[in-house]
Amino acid sequence: MPSISSYEQLRLENIKKNRELLMQLGLDKPIFEPTEKVVKKPTATKKRKGPDTPTSENAEPDTKAQRVSPSQSTPESGVRRSSRNVGKTVNYKREIVKESPIPVAYSSGVKVAENEGPMGREDGPRRCDPKTYGSIPGIAVGTWWPTRQGCSADAIHAPWVGGISGGKQGAYSVALSGGYDDDVDLGYAFTYTGSGGRDLKGTKTAPKNLRTAPQSSDQSFENNASFNKMLQRSCETKKPVRVVRGFKCKSEYAPSEGYRYDGLYRVERAWMEKGMNAKGYLVCKFAFKRLPNQPPLPVRASLDSMGNSARETLEEDEENPEEVEDEPKEE
DNA sequence: GGGCCCGCAGGG
DNA sequence: CCCTGCGGGCCC
């Protein structure tokens, strides 16, 4: 058999290019190399900058009601879990980042102080309008939901299925669910693939009843309900975009279960490239960068079987005071 | 595990 | 109304 498939080859090429672009965009975080051995530097395990004041509200005009009442987050046995996760064994000890106030995930039946954090509702009426730019009052960065329905109920990301939600001035929110193999997630920056170019087939009796399908044509910034155009607009308007990471996202920044609100990002670039599909159809790509003055991202221990903890020198505080980055005022 | 069906929210 | 869409459950 060939030493490396063409698919894998393209994937590596795309990943390399995407990562280089992210670096050009000023990413100053350690880079996770999934395909190469992690060179462990003699890490100074000591943490500089101990007290990290958690009062960094994320550049939000209205900071009251930021607290999520913890009394609601004691579900114990009352929380329904999707059957997919039943019986799944997850070692949460490996995922906990002590420095982070954000939970990486909850576990069914396992809920300890270390991974406890804000938890959203699973359903119910909306209290806020998801069609807004920027943060949602009362929903802290790091809030976690078992399913996408909860993200929608709490107005963080409205669609139950779609990855992009937006309006005339750009996207309100996106969901990272690992649907594209060549997306690069560096935590504080990532590349994202647009939607469209899929032929939503179905069965003969129920045509178009599928929600996803393989790529069958080029994506574009114009067609496809203009989801991609929304993100292109975000790149122009620089409106903040809410980002949700899902468990399917193959990233050390993704929760192992459910979906987590990871705060506000900004679209820095929009371009097209050959995507990860057999025919080499073009896809729309976007580079996101996280806005400063937000709680640090949780990082789970490296998932590779070699046991490389690829992440030692994480916490060096970034947030250079330049660019105070208030979200552009809502017009 | 994979296939299929399903409801839903949103934008035009 | 029409269409889409990085879900989720159920059945096999």
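Annotation: side chain to side chain contact (heavy atoms under 4.5 Å, CB included) contacts of A:Arg233 (sequence neighbours excluded): A:Glu236, A:Thr237. Applying the side chain to side chain contact (heavy atoms under 4.5 Å, CB included) test to A:Glu20 and every residue at least two apart in sequence or in another chain returns A:Lys16. With sequence neighbours left out, A:Ala287 forms a side chain to side chain contact (heavy atoms under 4.5 Å, CB included) with A:Leu21, A:Leu22, A:Leu25, A:Arg269, A:Trp271. Residues passing the side chain to side chain donor-acceptor pair (under 3.5 Å) test with A:Ser165, sequence neighbours excluded: none.
Relative ring orientation between A:Phe288 and A:Phe190 is described as parallel, the plane-to-plane angle staying below 30° on a 0-90° scale split at 30° and 60°.
Annotation for A:Trp160: hydrophobic cluster partners, listed by chain and number, are A:Val161 (ILVMFWY side-chain heavy atoms under 4.5 Å, direct or chained).
Nearest nucleotide to the side chain of A:Ser152, out of C:dG7, B:dG11, B:dA9: B:dA9. Side-chain atoms of A:Tyr192 lie closest to C:dC6 of the nucleotides C:dC6, C:dG8, B:dC8. Nearest nucleotide to the side chain of A:Arg148, out of B:dA9, C:dG7, B:dG11: C:dG7. Side-chain atoms of A:Met230 lie closest to B:dG11 of the nucleotides C:dG7, B:dG11, B:dA9.
Among the protein residues, A:Gly179 comes within range of the nucleic acid bases, having at least one heavy atom under 4.0 Å from a base atom. Contact annotation for A:Arg126: backbone-only contact, meaning every heavy-atom pair under 4.0 Å involves sugar-phosphate atoms and none involves a base. Within 4.0 Å (heavy atoms only), A:Gly246 reaches no atom of the nucleic acid at all.
Mapping A:Asp129 and A:Trp160 onto DNA chain B by nearest heavy atom places A:Trp160 closer to the 5' end of the strand.
Comparing B:dC8 with C:dC10, their P atoms are spaced 15 Å from each other, to the whole Å.
Between C:dG7 and A:Thr212, no contact under 4.0 Å exists linking OP1 or OP2 to a side-chain N or O.
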- [ ] Whenever both distances are under 3.5 Å in a Watson-Crick or G-U wobble pair, mark it; put DNA chain B into dot-bracket that way, with [ ] for crossing pairs and | when the partner is on another strand.
- [x] ||||||.|||||
